[in-house]
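This report concerns only the one structure given below.
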2 protein chains.
Amino acid sequence: MRYGNHILEIVNTSDTHMTAEQIFLALKQRYPKVVLATVYNNLNTLYQNGKIRKISMEGQPDRYDKSIRHDHLVCSGCGRLSDIYLPDITAQMEQELGFSIQSYDLKIRYLCPECRKEQQR
Amino acid sequence: MRYGNHILEIVNTSDTHMTAEQIFLALKQRYPKVVLATVYNNLNTLYQNGKIRKISMEGQPDRYDKSIRHDHLVCSGCGRLSDIYLPDITAQMEQELGFSIQSYDLKIRYLCPECRKEQQR
DNA sequence: TATTAAAAATAGAATCGTTCTAGTTTAAGG
DNA sequence: CCTTAAACTAGAACGATTCTATTTTTAATA
């Protein structure tokens, strides 16, 4: 994985949630010969090794995200996705379930301030 | 939406999480002339009207689900997706966040009993 | 340093879920 | 009935992702 570290850095330092294409374009700046399939290969490997997260959103290309635990807010108006750091509820879940879990994905749907304004008209 | 009600019924009464293709095949039994694009159209409309839920899973076709509130368990071994009815944590989330939300999606990753056995070898 | 083998990258075709377009049928209201 | 809009059909098109075959790079070893 010649590009693995750089791809990981791109994903980790981005605060947006980048698509493979966007990561490819960013990587291309330093390595102009790199090809999209390579980026996919690297992303898949990083994902399988738990180094990054993958977010699938309906109708959109998958997005890649840093692996540190956090949750997501999705605005149901504009669709914008943002990070939110809520307390870990793993223990709570496990207590409810009665068995242990590996992780969880929490996606919260809301209306962002701008879309709320928009809607009030 | 000539097929709307029947599609809704298929989704609501299924305990698996059906793909558009599977729903199409089920619907075809009663309406042999129906076409996949129509099923997609209907599913999209139902989804936009909040009658059904849509679950996007990486690398797989979208799945459709009843809209009543529940959460999901995904086995990280075999990938099987199942329903789980945990208490609603909307209020808890809102308290943490300080603003109101519309809904949330909670997907819990774990190892199902069969895969746990498998792994112990 | 040269040799070799394995791993990663490249190019581009292929796949497959989903949407789109244009034409046709159906349903509802006047 | 007649008209019009909505829904459906057929099949092409699209786009994200994967696959295949080939080439390049890397790393190990002699």
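Everything numeric in this text was worked out from a predicted model, so none of it was measured. Lettering follows sequence order; numbering is per chain, from 1. Atoms considered below: every heavy atom in the structure, side chains included; atoms not considered: hydrogens, waters and symmetry mates.
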B/Tyr31 OH - C/dT26 C1' separation (whole Å): 14 Å
Donor-acceptor contact below 3.5 Å, side chain A/Thr45 vs main chain A/Asn41: yes
Sequence-distant partners of A/Asp105, salt bridge (Lys or Arg N to Asp or Glu O under 4.0 Å), two or more places apart: A/Arg53, B/Arg109
Other ILVMFWY residues reachable from A/Ile108 by side-chain steps of under 4.5 Å: A/Leu73, A/Ile84, A/Leu86, A/Ile89, A/Met93, A/Leu97, A/Phe99, A/Ile101, A/Tyr104, A/Leu106, A/Tyr110, B/Leu73, B/Ile84, B/Leu86, B/Ile89, B/Met93, B/Leu97, B/Phe99, B/Ile101, B/Tyr104, B/Leu106, B/Ile108, B/Tyr110
Fellow cluster residues of A/Tyr85, listed by chain then number, with links counted only when side-chain atoms sit under 4.5 Å apart: A/Ile68
Any pair counted as ring-ring contact (aromatic ring centres under 6.0 Å, His included), so long as it reaches residues 39-65 of chain A, sequence neighbours left out: none
d(CZ, B/Arg2; P, C/dA28) in whole Å: 11 Å
Range on DNA chain D touched by chain A - first to last nucleotide, heavy-atom distance under 4.0 Å: D/dA16 to D/dT26
Tabulate atom names and distances for all N/O pairs under 3.5 angstrom spanning the protein and nucleotides 14-21 of chain C.
| residue | atom | partner | partner atom | Å |
| --- | --- | --- | --- | --- |
| C/dT18 | OP1 | B/Asp62 | N | 2.9 |
| C/dT18 | OP1 | B/Asp62 | OD2 | 3.4 |
| C/dT18 | OP2 | B/Tyr40 | OH | 2.3 |
| C/dT18 | O5' | B/Tyr40 | OH | 3.2 |
| C/dT19 | OP2 | B/Asn44 | ND2 | 3.2 |

Pairs satisfying salt bridge (charged side-chain N to carboxylate O under 4.0 Å, His left out), at least one member in residues 92-103 of chain A, at least two apart: none
Tell me which donor-acceptor pairs under 3.5 Å the side chains of residues 19-34 of chain A have, and how far apart each pair is, sequence neighbours excluded?
| residue | atom | partner | partner atom | Å |
| --- | --- | --- | --- | --- |
| A/Thr19 | OG1 | A/Gln22 | N | 3.1 |
| A/Gln22 | OE1 | A/Thr19 | N | 2.9 |
| A/Arg30 | NH2 | A/His6 | NE2 | 3.2 |

Integer-rounded Å distance: C/dA9 C1' and A/Leu27 CG: 12 Å
Pairs where residues 75-91 of chain A contributes a residue and the test salt bridge (charged side-chain N to carboxylate O under 4.0 Å, His left out) is met, not counting sequence neighbours: A/Lys66-A/Asp83, A/Arg69-A/Asp88
